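Read through the structure below, which is laid out as structure tokens, and then see the notes.
Here the structure is a predicted model, which is why all the values come from computation and not from measurement.
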Amino acid sequence: MQAEMVFAGKCLTSVSFSLFKRRHHSVVRDTIFALSSGHGKCGVSVIRTSGPASGDALRLLTGWKQLPSPRRVTLTSLLCPATGELLDRGLVVWFAGPKSFTGEDCCEYHVHGGPAVVMGVLQALGSVQMLRPAEPGEFTKRAFQNGKLDLTEAEGLGDLIHAETEIQRRQALRQMSGDLGQLYQKWSRRLVTALAHIEAFIDFSEDDNVEENVLTTGQKPAAIVSPIPGTTRDVVETVLNIGGYPVIMSDTAGLRESEDPIEKEGVRRAKERLDNADIIITVVDASKVLLNRISILTHLKNLLSSPSSEGNHREVLLVLNKSDLLHPEGLDKVQELCEDPELPTTCFLSCQTSQGVGDFINILTQKLEKICGDPLHGAPSLTQTRHRLHLNKCLSALERYTTYREQDLVLAAEELRISHRELGAITGKVGVEEILDIIFRDFCIGK
């Protein structure tokens, strides 16, 4: 999860996996192969095949008459099928479907990682009939189509591959293990039950074969450029790793009154970012405000007084900068400000000497953890824009359902169908069969 933060009038925010149609019947597919490990020189490279001809390819490259025991590592010579030339000596692992990553017959070739060796083995596999190079993501796509992964787990795998921070790694592992998919499935089951009850009531209530309490159960811009010297005018952004959390830090113009049209535009953009920020970091020159506590409170009040921020309880961090310019007698007054209960969390530091920066990072990390949560505890976090889009549509449909429920059950049922379809689009599981199953499981229709 990514936070969005505005720094000093200032900011932190948040890969989509295509929705593949699940196939519930067996399909004769080509056998695919690809280099699964990274490109370039390395000690060991892993080449993977998946599909019905994987076993034939393994026998051709090894000269074996029979396939080895599944999931056991075997050291063997790999030969060119056309010439019998030795390509390499490596390890092979056979995975008989459906007990494999893709659900199909699979084989892994662990070979030496030199480019010539890898190219030789890939060319040998390409010469085998029914084998072709895999398309990007095709192994994971087949795992989804064969029911080995739902879409959230597949996306979790993609997130794990691209994870750059510790928090991203933990969250991706949790999603890949199915936690998020299980949450969506739990919600989906509740929607399906409610929809089945309403459908049964609409279709069969006139025959007096459905209990009267059925419906009660279903309720549950471009940069600013100017020759005029001054402070920051445009919003400058950078992506940072803070305590394992990926954040977008936005440095904006200082908030002050100005007649300069360019500076006014910078202030407008700064306020716009403030309205969308998760954390606001306000930087104040400690050497200029030691005797003016009221001015700090007034500044913070103005900072958070925009109409769009009403009811939005964002985290605020006050930073008193330039501690290196203070005389010893001023330090006590700064300490009093840091402990003032009317002020937000306050840090005292010097960007010039880096004194106090460590404490600032620790406090900021705590605030990020409060906002983003610990990926190993609590409900799984949303990591995909696609999930958020479908969930918002699901929520909108449920809101319409509550409106129609007392007016028109047919329209209410349609909104439940829409909400269920939006949830199903996240995991890739959308079907009418489960609704029919519940209708005939929960009701004695036609008795």
Side-chain angles (χ1 to χ4, degrees), residues 1-14 163-170 230-256 266 270 273-274 276-293 295-297 299-300 303-304 314-375:
M1 182 175 185
Q2 224 170 19
E4 180 160 302
M5 181 162 64
V6 167
F7 189 40
K10 307 181 168 205
C11 191
L12 300 170
T13 90
S14 141
E164 296 180 353
T165 72
E166 181 68 10
I167 299 300
Q168 287 177 320
R169 180 189 66 79
R170 292 180 182 178
T231 59
T232 304
R233 303 295 181 87
D234 203 6
V235 177
V236 181
E237 292 188 336
T238 185
V239 179
L240 300 175
N241 176 355
I242 300 180
Y245 294 95
V247 300
I248 297 176
M249 182 79 76
S250 301
D251 186 14
T252 72
L255 301 184
R256 64 176 184 173
R273 291 302 174 91
L274 283 174
N276 296 319
D278 296 304
I279 299 178
I280 298 173
I281 302 174
T282 302
V283 181
V284 179
D285 186 344
S287 65
K288 295 181 180 179
V289 297
L290 286 179
L291 301 178
N292 198 351
R293 169 180 171 276
S295 67
I296 298 180
L297 291 171
H299 174 70
L300 292 174
L303 193 68
L304 302 175
R314 293 168 296 176
E315 291 288 332
V316 179
L317 182 56
L318 176 62
V319 175
L320 301 179
N321 188 27
K322 301 185 180 180
S323 62
D324 54 301
L325 299 182
L326 293 180
H327 296 293
E329 59 269 18
L331 295 178
D332 292 338
K333 294 181 180 179
V334 168
Q335 188 62 36
E336 292 178 7
L337 284 176
C338 292
E339 298 174 356
D340 193 321
E342 294 190 46
L343 293 176
T345 305
T346 304
C347 296
F348 184 45
L349 56 80
S350 169
C351 291
Q352 180 69 26
T353 66
S354 297
Q355 182 181 5
V357 172
D359 292 337
F360 164 72
I361 295 298
N362 290 336
I363 293 174
L364 185 56
T365 300
Q366 293 172 9
K367 290 187 176 294
L368 287 171
E369 184 173 345
K370 180 179 177 182
I371 293 173
C372 301
D374 186 334

Side-chain contact test, heavy atoms from C-beta onward, threshold under 4.5 Å: evaluate it for Ile281 versus Leu364 and give yes or no.
-> yes
So, do Leu317 and Thr282 sit near enough that their side-chain heavy atoms are less than 4.5 Å apart?
-> no
Under 3.5 Å donor-acceptor, Thr353 side chain and Cys351 backbone | no
For the residue pair Ser323 and Phe348, what are the closest heavy atoms and their distance?
-> CB-CZ, 3.1 Å
Distance from Gln352 atom CD to Asn321 atom CG, nearest 0.5 Å?
-> 9.5 Å
Please report the shortest heavy-atom distance between Ile363 and Cys347, naming the atom on each side.
-> CD1-SG, 3.4 Å
Enter the distance from Lys367:NZ to Ile242:CD1 here, rounded to the nearest 0.5 Å.
-> 13.0 Å
Hey, mind stepping through Leu349 and Val319 against side chain to side chain contact (heavy atoms under 4.5 Å, CB included) and telling me if it holds?
-> CA-CA 7 Å; Leu349 56 80; Val319 175; 3.8 Å; yes
Under a 4.5 Å cut-off applied to non-hydrogen side-chain atoms, are Thr345 and Gln366 in contact?
-> no
